[in-house]
Protein chains: 2
Amino acid sequence: MAESPRSIARLSLYRRLPAELQAEDPEADSVYSHELARRAGVSPAQVRRDIMALGYSGTPNTGYQVEALTASIAAHIDPATPQQLALVGVGNLGTALLQYFRGRQSKLHMAATFDTDPEKVGRTIAGCRCHPVSAIGEVVPAEGITVGIITVPAPHAQETADRLVQAGVGGLLNFAPLHLRVPDQVYVEHMDIAIRLETVAFFALRGRQSPRG
Amino acid sequence: MAESPRSIARLSLYRRLPAELQAEDPEADSVYSHELARRAGVSPAQVRRDIMALGYSGTPNTGYQVEALTASIAAHIDPATPQQLALVGVGNLGTALLQYFRGRQSKLHMAATFDTDPEKVGRTIAGCRCHPVSAIGEVVPAEGITVGIITVPAPHAQETADRLVQAGVGGLLNFAPLHLRVPDQVYVEHMDIAIRLETVAFFALRGRQSPRG
DNA sequence: AGATGTGAAATTCTTCACAGCG
DNA sequence: CGCTGTGAAGAATTTCACATCT
């Protein structure tokens with residue numbers, strides 16, 4: 001089973017490569033591991049192993065059928081039914097993310113946003129109703145929300161996470177610059193921009209090759 | 001030498017933990033590996049090994065002196081002289097990032113922004129002058145910029161990266177949802193929000209424990 | 001020939017466990 | 001004692017290399 005976060009992230013990446021491919025060559029209905037590898041920035045062996053884990057097989061000398069491959073990836077990583085998201089903290093970054101995902105067709109649906117600012121509460125921002133943070137406990141279960149996106153200032157991030165977890169979400173995407181403490185069964189991805197920027201700056205001066213994917 | 005991207009990222013994280021710590025207990029001038037570990041979400045052994053690589057040593061039974069530790073981390077990961085950054089793509093996300101880093105004191109300085117929109121070019125956004133993208137080749141060397149942040153739409157991300165690399169940057173922080181192809185000596189961090197969100201959504205339904213970091 | 005699928009090797013990263021110090 | 005520093009073990013991940021298929 002390729003069920004590590006790394007492999008899931010790579011599969012998610014592979015999935016959108018056929019679109020790139022077909023933008024260049026609309027005829028193409030199959031693709032080699034080394035072509036996917038080149039576009040994904042990983043090794044061909046890595047691609048083959050990830051795809052192997054899907055249970056899908058390509059054909060030697062021909063590669064992978066893009067349609068079948070895409071379907072296999074979707075079957076593996078997409079939820080059976082659409083999954084609901086919530087975003088907490090409708091500031092600059094939160095709004096940018098809402099715009100970013102606005103209209104993106106996907107199995108992930110932005111169901112609600114939350115903020116403490118009375119100016120924002122009650123309004124609809126980027127097509128999404130803004131609730132007061134105090135309503136998390138009510139709205140999250142009511143909407144069946146399973147994932148929370150945290151874009152509040154650092155001092156409020158942990159309490160926001162606590163509320164979301166308490167309300168039942170199973171995963172968090174955290175943009176606040178601190179490590180969230182959550183129960184073991186809750187999955188967190190930390191999008192720590194400051195840390196990543198410092199890491200880039202470090203290696204920018206030292207000429208090290210980038211890591212995977 | 002703990003010079004992997006992972007270890008650099010962790011050091012960057014450890015560095016801001018003393019501030020958290022001292023906010024709770026202003027008296028504290030030393031800290032144990034297990035305390036740092038708890039706050040960073042890693043194991044105590046990992047903390048000790050990362051710090052070992054700095055050349056700094058704590059004292060048994062007392063832990064690490066926060067001031068000396070912070071200084072050691074800074075000496076290891078900060079540039080000797082301030083490093084200049086550029087951001088390309090002053091849209092919602094780009095502006096949010098500019099605001100986010102506005103006023104943050106650091107060895108990293110936002111020296112220029114670039115956009116193609118004539119409405120934005122020439123203006124000062126979040127305290128930073130906006131140049132036309134066509135000026136990258138001129139401004140980047142002139143300002144000594146070493147890191148580029150890419151927040152342009154996906155279709156323009158690769159050409160943006162090419163321009164920045166051509167102009168001499170050594171590292172890129174990419175927010176566009178695709179893998180950038182750059183020469184080996186250029187370091188890239190991919191902040192692929194869509195992929196990370198899909199990964200969270202996947203594990204939110206499966207209750208897997210988060211990875212470290 | 002030139003792909004894929006995959007056991008096995010290699011590599012990288014993390015944890016264990018304990019000596020030694022304060 | 002309870003901590004740090006660290007060699008060695010262990011896990012996780014990636015790559016190799018080649019049998020196999022078209």
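Residues L36(B) and S33(B) form no side-chain contact, since every pair of their non-hydrogen atoms from C-beta on lies 4.5 Å or further apart. At least one side-chain heavy atom of I150(A) sits less than 4.5 Å from a side-chain heavy atom of L172(A).
In this entry the distance linking CZ of R48(B) with P of dC18(C) reads 14 Å, nearest Å. Distance L69(A) CG to dG5(C) P: 10 Å, rounded to the nearest Å. In this structure, H34(B) atom NE2 and dG5(D) atom P are separated by 13 Å, rounded to whole Å. E3(B) places its CD atom 16 Å from the C1' atom of dC13(C), with the value rounded to the nearest Å. We find that OH of Y32(A) is positioned 8 Å from P of dT4(C), with the value rounded to whole Å. M52(A) places its CE atom 13 Å from the P atom of dA8(C), with the value rounded to the nearest Å. Here dT4(D) presents its P atom at 11 Å from CD of E35(B), a figure rounded to the nearest Å. Counting to the nearest Å, the C1' atom of dT4(D) and the OH atom of Y14(B) are 15 Å from each other.
When distances run from any side-chain atom of N61(B) to the nucleotides dT22(D), dG2(D), dC16(D), the shortest one goes to dG2(D). Set against dT4(D), dT15(D), dT14(C), the side chain of P60(B) has dT4(D) as its closest nucleotide. Comparing dT14(D), dT15(C), dC3(D) by their closest approach to the side chain of R49(A) singles out dT14(D). Side chain of Y64(A), nearest nucleotide from dG5(C), dA3(C), dT4(D): dG5(C).
Between S30(B) and Q65(B), the side chains place no donor N or O within less than 3.5 Å of an acceptor N or O (distance only, hydrogens not considered). Using modelled atom types and a 3.5 Å distance limit, the side chains of H179(A) and E20(B) yield no donor-acceptor pair.
For S43(B), no side-chain nitrogen or oxygen approaches OP1 or OP2 of dT14(C) to under 4.0 Å. Under 4.0 angstrom from either OP1 or OP2 of dT13(D) there lies no side-chain N or O belonging to R10(A).
Heavy-atom nearest nucleotides on DNA chain D were determined for Q46(A) and for T59(A), and the one closer to the 5' end corresponds to Q46(A).
For R10(A) and D50(A), the salt-bridge test passes: some basic side-chain N is under 4.0 Å from an acidic carboxylate O.
Residue T62(B) is out of contact with every strand shown, counting any heavy-atom pair closer than 4.0 Å.
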